[in-house]
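Notes for the one structure printed next.
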Protein chains: 2
Amino acid sequence: MSDLLERLRGRGWRVTSQRRVVAEVLDGDHVHLTADEVHARAVRRLPEISRATVYNTLGEMVSLGEVLEVSTDGRAKRYDPNAHRPHQHLVCSGCGTIRDVHTTGDPLSHLPAAERYGFTVSAAEITYRGLCPSCA
Amino acid sequence: MSDLLERLRGRGWRVTSQRRVVAEVLDGDHVHLTADEVHARAVRRLPEISRATVYNTLGEMVSLGEVLEVSTDGRAKRYDPNAHRPHQHLVCSGCGTIRDVHTTGDPLSHLPAAERYGFTVSAAEITYRGLCPSCA
DNA sequence: TTAGTTGCAAAGGCTTTGCACGCGC
DNA sequence: GCGCGTGCAAAGCCTTTGCAACTAA
């Protein structure tokens with residue numbers, strides 16, 4: 001059911017009903033919810049869950065590297081559960097929808113040594129922007 | 001002096017002392033200030049300038065496509081005056097410093113048609129993450 | 001048992017807005 | 001003079017924090 005929850009449990013994470021619900025809400029492909037959306041969906045299953053707990057839980061999942069934080073628009077951050085599947089994002093400039101996409105080649109190889117300025121580069125994120133079929 | 005201001009003036013933008021100061025503060029290479037930093041520097045030259053005006057002005061420059069908004073960390077947005085020079089960003093995970101870098105090839109060519117899901121893709125942004133020499 | 005987790009409510013950072021005054025054109 | 005731009009202060013959105021009560025292991 002929830003791969004995410006399994007991985008977290010395997011790391012000795014204390015599993016509470018709140019955390020289970022947050023993991024379940026987040027799990028799946030092409031899921032990019034804001035903290036508030038996660039809270040709204042979590043409340044349907046667990047009415048008493050608080051916003052603070054949702055924020056804490058999401059923050060921990062990010063620290064553990066099991067969830068990615070994506071800020072594509074400067075507004076609320078979105079959370080992406082596919083931290084272990086390399087992918088990029090295609091964002092609609094109209095409605096803000098995010099789609100996971102896969103590119104050819106490794107972005108890191110396109111950054112010449114002369115352009116690294118002594119940095120130890122460890123990751124590369126690509127955000128493609130455009131209009132989705134509905135907004136075009 | 002200020003290429004940015006010249007371009008804006010050329011578009012029939014009404015030039016006030018506040019707008020001139022914001023443009024001057026922003027102009028240059030490797031400049032990635034937050035709205036608040038822009039305000040702080042603007043105040044040195046024009047003590048009465050308000051934060052609201054700085055925000056309004058930056059927002060307009062972004063709408064006009066003369067300045068880019070970069071949100072690399074989910075915190076305050078940063079403003080990049082090099083909107084007309086294609087480049088990518090190298091961000092230090094330690095101190096948040098941003099460096100402009102140039103990659104080889106066009107990122108758009110790495111997104112296969114099958115991965116576009118009907119979107120009209122118009123731009124691609126790459127953010128490289130790592131540690132700068134001081135933070136490493 | 002007991003250290004880690006939760007909920008509440010308040011505070012905090014960043015940004016936007018409403019409205020009256022002021023100024024570029 | 002007209003209309004856009006500005007400043008102020010207040011409100012807004014998103015997020016974090018302090019602390020007492022609670023609960024998984």
Side-chain angles (χ1 to χ4, degrees), chain A residues 5-6 8-26 32-64 66-80 96, chain B residues 5-6 8-26 32-64 66-80 96:
Chain A
L5 192 58
E6 285 312 312
L8 292 167
R9 198 197 301 275
R11 291 187 181 219
W13 216 44
R14 181 180 291 193
V15 177
T16 64
S17 48
Q18 289 85 343
R19 289 175 169 185
R20 184 171 352 93
V21 167
V22 169
E24 287 170 3
V25 162
L26 214 54
H32 305 93
L33 303 172
T34 61
D36 214 53
E37 287 165 350
V38 171
H39 178 247
R41 298 191 184 197
V43 163
R44 293 189 206 146
R45 303 179 180 209
L46 194 66
E48 332 79 67
I49 193 171
S50 75
R51 230 173 285 265
T53 295
V54 170
Y55 275 101
N56 288 338
T57 304
L58 290 172
E60 284 153 15
M61 290 174 172
V62 171
S63 298
L64 289 171
E66 294 296 342
V67 166
L68 294 176
E69 217 170 57
V70 251
S71 32
T72 51
D73 61 347
R75 305 193 65 65
K77 283 176 268 186
R78 290 180 177 275
Y79 295 87
D80 182 339
Chain B
L5 192 58
E6 285 313 311
L8 292 167
R9 197 197 302 274
R11 292 188 180 216
W13 216 44
R14 181 180 291 194
V15 177
T16 64
S17 49
Q18 289 85 344
R19 288 175 169 186
R20 182 167 358 90
V21 168
V22 169
E24 287 170 1
V25 163
L26 214 55
H32 306 93
L33 303 172
T34 60
D36 214 53
E37 287 165 350
V38 171
H39 177 248
R41 299 191 183 197
V43 163
R44 292 189 207 145
R45 302 180 181 210
L46 194 65
E48 331 78 67
I49 194 171
S50 75
R51 231 171 285 266
T53 295
V54 170
Y55 274 101
N56 288 339
T57 305
L58 290 172
E60 284 152 16
M61 290 175 172
V62 171
S63 298
L64 290 171
E66 295 294 343
V67 166
L68 293 176
E69 216 170 57
V70 248
S71 31
T72 51
D73 62 347
R75 306 192 65 65
K77 283 176 267 188
R78 290 179 177 275
Y79 296 86
D80 182 340

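All values reported here derive from a predicted model rather than from experimental measurement. Numbers restart at 1 for each chain; the letters A, B, ... are given by sequence-line order, proteins then strands.
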Is there a side-chain contact between [X] and the phosphate of [N], meaning an N or O under 4.0 Å from OP1 or OP2?
{"X": "B:Thr57", "N": "D:dG5", "answer": "no"}
{"X": "B:Gln18", "N": "D:dG7", "answer": "yes"}
{"X": "B:Thr53", "N": "D:dG5", "answer": "no"}

Separation of [X] atom [atom1] from [N] atom [atom2], in whole Å?
{"X": "B:Lys77", "N": "D:dC13", "atom1": "NZ", "atom2": "P", "value": "15 Å"}
{"X": "B:Tyr55", "N": "D:dC8", "atom1": "OH", "atom2": "C1'", "value": "15 Å"}
{"X": "A:His39", "N": "C:dT6", "atom1": "NE2", "atom2": "P", "value": "12 Å"}
{"X": "B:Leu46", "N": "D:dG7", "atom1": "CG", "atom2": "P", "value": "7 Å"}
{"X": "A:Glu60", "N": "D:dT16", "atom1": "CD", "atom2": "P", "value": "12 Å"}
{"X": "A:Trp13", "N": "D:dT23", "atom1": "CH2", "atom2": "P", "value": "18 Å"}
{"X": "A:Arg75", "N": "D:dT15", "atom1": "CZ", "atom2": "C1'", "value": "14 Å"}
{"X": "B:Arg51", "N": "D:dA10", "atom1": "CZ", "atom2": "C1'", "value": "14 Å"}

Quiz item: For the base of C:dC25, is there a side-chain donor-acceptor partner from B:Arg14 under 3.5 Å away?
Solution: no
Beyond-backbone contact of [X] with [Y], side-chain heavy atoms, under 4.5 angstrom:
{"X": "A:Arg78", "Y": "A:Glu69", "result": "no"}
{"X": "B:Tyr55", "Y": "B:Glu60", "result": "no"}
{"X": "B:Val22", "Y": "B:Met61", "result": "yes"}
{"X": "A:Gln18", "Y": "A:Thr57", "result": "no"}
{"X": "B:Leu58", "Y": "B:Leu26", "result": "yes"}

Quiz item: For B:Asn56, which contact category applies under a 4.0 Å heavy-atom criterion: base, sugar-phosphate, or nothing?
Solution: base
Quiz item: Base, sugar-phosphate alone, or nothing: which one does A:Ala52 contact when heavy atoms must sit under 4.0 Å apart?
Solution: base
Exercise. Could you check which of C:dT6, C:dT15, D:dT16 has an atom nearest any side-chain atom of A:Arg19?
Key: C:dT6
Quiz item: Of B:Ala76 and B:Ser17, whose nearest nucleotide on DNA chain C comes first from the 5' end?
Solution: B:Ala76
Quiz item: Starting at the 5' end of DNA chain D, which residue's closest nucleotide do you reach first, B:Glu48 or A:Thr16?
Solution: B:Glu48
